[in-house]
Amino acid sequence: MQSRDMMMFDKTEKIGKSIVQHGPNNDRAYLMKLHNNDVGNIVEQLYNLTILKRYSKIFAKVPELALDTFKENNFKVEASIPKLYAGKETGYFLAQYFSSYRSYISRKQKKLIKRIVAESSEPYDESGLELPARYNIRPLGPEDAGLLASLYKKVFQVYPFPIFNEEYLLSTMATHVSYFGVFRGSELVAASSAEMDYDQKNAELTDFATHPDHRGKKLAFFLLRKMESYMSAKGVKTLYTIARSVSPGMNKTFGRCGYQFGGTLVNNTLIGESIESMNIWYKHLMLPEATE
């Protein structure tokens, strides 16, 4: 495997008016955001791209209006989120495989995922939980991009997106991603992000990282609660995450904070040392009432 500094990340580009990520790292084409104008022809374009590049999976996130089109073309639903789009329309995560190996999960792994999901659904008793002394949490700005890139380099060997690159972080901050950090003094020791779809009033909560020296303090929990408050104030209606299916920590962080399990994406994402299956968790926010 390539080192982090040498690896080429998968491309994110437009097909028609829709946004697609694809490349050899995740070995897939990922329809991230479908434009209504492309519903009639996007499947053929994804198929052509996948055959040309010899990817082993097409992964698509689509609203309910496109569901029949994809199912008629042999896509299977792997997960779903009610009210993902504008707080009204269900969102579906669909897949088509071009390799039997890519679509296979062992019975042992299925049992492990099922157990982790069950254990993650027990709610927290939050009555005594406080951010540890000498730690503080806040949104991150452009001036923090260098610290953020350095933290991600310490925590992740590989990642689906170039979060180790300061310019990438700055560009996403300027458009659609809000980053949050936990500091101890001047040191950034944990971080996360909320990737917002302003039009559809949803946000993906992702990029959680805690410095190895500061683990065990539930910093991801405090980041999650901070992001929920921030997103609610922004008018976001639905939050979700795509978590490593066999990572108890992140599944429990979301499941015990009231998030619902939406399904498992099979052999979906390059993270760590290999392509892993991922769990979907989601939550609908109680938005603040408007004041007269």
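These values consider heavy atoms only, across backbone and side chains, with no hydrogens, waters or symmetry-generated copies.
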(message) I need the full list of side chain to side chain donor-acceptor pair (under 3.5 Å) pairs touching residues 80-94, with sequence neighbours left out, sorted by first then second residue.
(response) none
Using the rule that Ile, Leu, Val, Met, Phe, Trp and Tyr join whenever any side-chain heavy atoms are under 4.5 Å apart, tell me whether [X] and [Y] fall into a single cluster.
X      : Y      : value
Met250 : Leu112 : yes
Met32  : Leu67  : no
Phe9   : Leu169 : yes
Tyr104 : Val266 : no
Phe93  : Leu34  : no

(message) Cation-pi check for Tyr55 against Arg28: NZ or CZ below 6.0 Å from the six-membered ring centre and within 45 degrees of the axis, yes or no?
(response) no
Rounded distance (nearest 0.5 Å) linking atom [atom1] of [X] with atom [atom2] of [Y]:
X      : Y      : atom1 : atom2 : answer
Glu195 : Thr175 : CD    : OG1   : 8.5 Å
Leu31  : Gln21  : CG    : CD    : 11.5 Å
Ser56  : Gln96  : OG    : CD    : 12.0 Å
Lys61  : Asn202 : NZ    : CG    : 6.5 Å
Leu224 : Thr241 : CG    : OG1   : 8.5 Å
Met231 : Leu239 : CE    : CG    : 7.5 Å

(request) May I have the step-by-step check of side chain to side chain contact (heavy atoms under 4.5 Å, CB included) for Ser150 and Tyr152, ending in yes or no? (result) CA-CA 5 Å; Ser150 295; Tyr152 284 140; over 6 Å; no
(message) Against Leu205, only a single residue in Phe180, Tyr259, Trp281 fulfils side-chain contact (heavy atoms from CB on, under 4.5 Å); can you say which?
(response)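 Running side-chain contact (heavy atoms from CB on, under 4.5 Å) over Phe180, Tyr259, Trp281 with Leu205 returns exactly one hit, Tyr259.
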When you compare the side chain of [Y] with that of [X], does any pair of heavy atoms fall below 4.5 Å?
X      : Y      : result
Gln45  : Ile42  : yes
His176 : Asp197 : no
Leu65  : Val39  : yes
Val189 : Thr210 : no
His22  : Leu49  : yes
Asn267 : Arg102 : yes
Asp10  : Tyr30  : no
Met173 : Leu148 : yes

Take atom [atom1] in [X]; do more than 12 heavy atoms of anything else shown fall under 6.0 Å from it?
X      : atom1 : answer
Tyr47  : OH    : no
Glu44  : CD    : no
Glu130 : CD    : no

Does [X] use its side chain to pair, donor to acceptor, with the backbone of [Y] at less than 3.5 Å?
X      : Y      : answer
Ser229 : Arg225 : no
Arg244 : Glu276 : no
Asp144 : Gly141 : yes
Thr238 : Gly87  : no
Asn251 : Ser120 : no

(request) For ring pair (Phe, Tyr, Trp, His ring centres under 6.0 Å), just list the numbers for Phe254 and Phe208, CA-CA rounded to whole Å, side-chain angles, deciding distance to a tenth of an Å, and then say yes or no. (result) CA-CA 12 Å; Phe254 281 88; Phe208 284 82; 5.6 Å; yes
How close do [X] and [Y] get, counting heavy atoms only, and between which atoms?
X      : Y      : value
Pro160 : Thr269 : CG-CG2, 3.3 Å
Lys201 : Ala86  : CB-CA, 4.5 Å
Leu46  : Ala29  : CD2-CB, 4.4 Å
Ser232 : Met286 : OG-O, 3.5 Å
Thr12  : Phe161 : OG1-CE2, 4.3 Å
Phe222 : Ile137 : O-CD1, 3.5 Å

(request) Tell me, with the steps shown, if Ser245 and Ile116 meet side chain to side chain contact (heavy atoms under 4.5 Å, CB included). (result) CA-CA 8 Å; Ser245 64; Ile116 288 173; over 6 Å; no
(request) Start with the C-alpha distance between Ile271 and Val158, add both sets of side-chain angles, then the distance that settles side chain to side chain contact (heavy atoms under 4.5 Å, CB included), and finish with yes or no. (result) CA-CA 6 Å; Ile271 191 164; Val158 294; 5.9 Å; no
(message) Tell me whether Lys57 is salt-bridged to Asp27, with the criterion being a basic N under 4.0 Å from an acidic carboxylate O.
(response) no
(message) Check this for me, if you would: do Glu228 and Lys283 make a salt bridge, where the nitrogen-to-carboxylate-oxygen distance has to be below 4.0 angstrom?
(response)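 Salt bridge between Glu228 and Lys283, a charged N being under 4.0 Å from a carboxylate O: yes.
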(request) Output all residues satisfying side-chain hydrogen bond (donor to acceptor under 3.5 Å, both in side chains) with Ser178, sequence neighbours left out; order by chain, then residue number. (result) none
(request) Please work out whether the ring planes of His214 and His211 are parallel, tilted or perpendicular, with thresholds of 30° and 60°. (result) perpendicular
(request) Please report the C-alpha distance between Phe98 and Ile51 in whole Å, then the side-chain angles of each, then the deciding distance to 0.1 Å, and finally whether the side chain to side chain contact (heavy atoms under 4.5 Å, CB included) criterion is met. (result) CA-CA 9 Å; Phe98 297 81; Ile51 296 302; 4.1 Å; yes
(message) Please enumerate all residues that pass ring-ring contact (aromatic ring centres under 6.0 Å, His included) together with Tyr97, with sequence neighbours excluded.
(response)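 In terms of ring-ring contact (aromatic ring centres under 6.0 Å, His included), with neighbours along the sequence ignored, Tyr97 is linked to no residue.
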(message) What verdict does the ring pair (Phe, Tyr, Trp, His ring centres under 6.0 Å) test give for Phe75 and Phe70, after you've listed the backbone C-alpha separation in whole Å, the side-chain angles of each residue and the deciding distance to 0.1 Å?
(response) CA-CA 5 Å; Phe75 281 79; Phe70 278 79; 5.0 Å; yes
(request) In sequence, state the C-alpha distance, the side-chain angles, and the governing distance for Ser192 and Asp207, and then conclude on side-chain hydrogen bond (donor to acceptor under 3.5 Å, both in side chains). (result) CA-CA 5 Å; Ser192 61; Asp207 302 335; over 6 Å; no
(request) Would you please test Lys153 and Tyr159 for side-chain hydrogen bond (donor to acceptor under 3.5 Å, both in side chains) and show each step? (result) CA-CA 10 Å; Lys153 286 178 182 177; Tyr159 205 74; over 6 Å; no
(message) Between His284 and Gln260, is there a side-chain donor-acceptor contact under 3.5 Å, judged purely by atom types and distance?
(response)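 No, because no side-chain N or O of Gln260 sits under 3.5 Å from a partner of the opposite role on His284.
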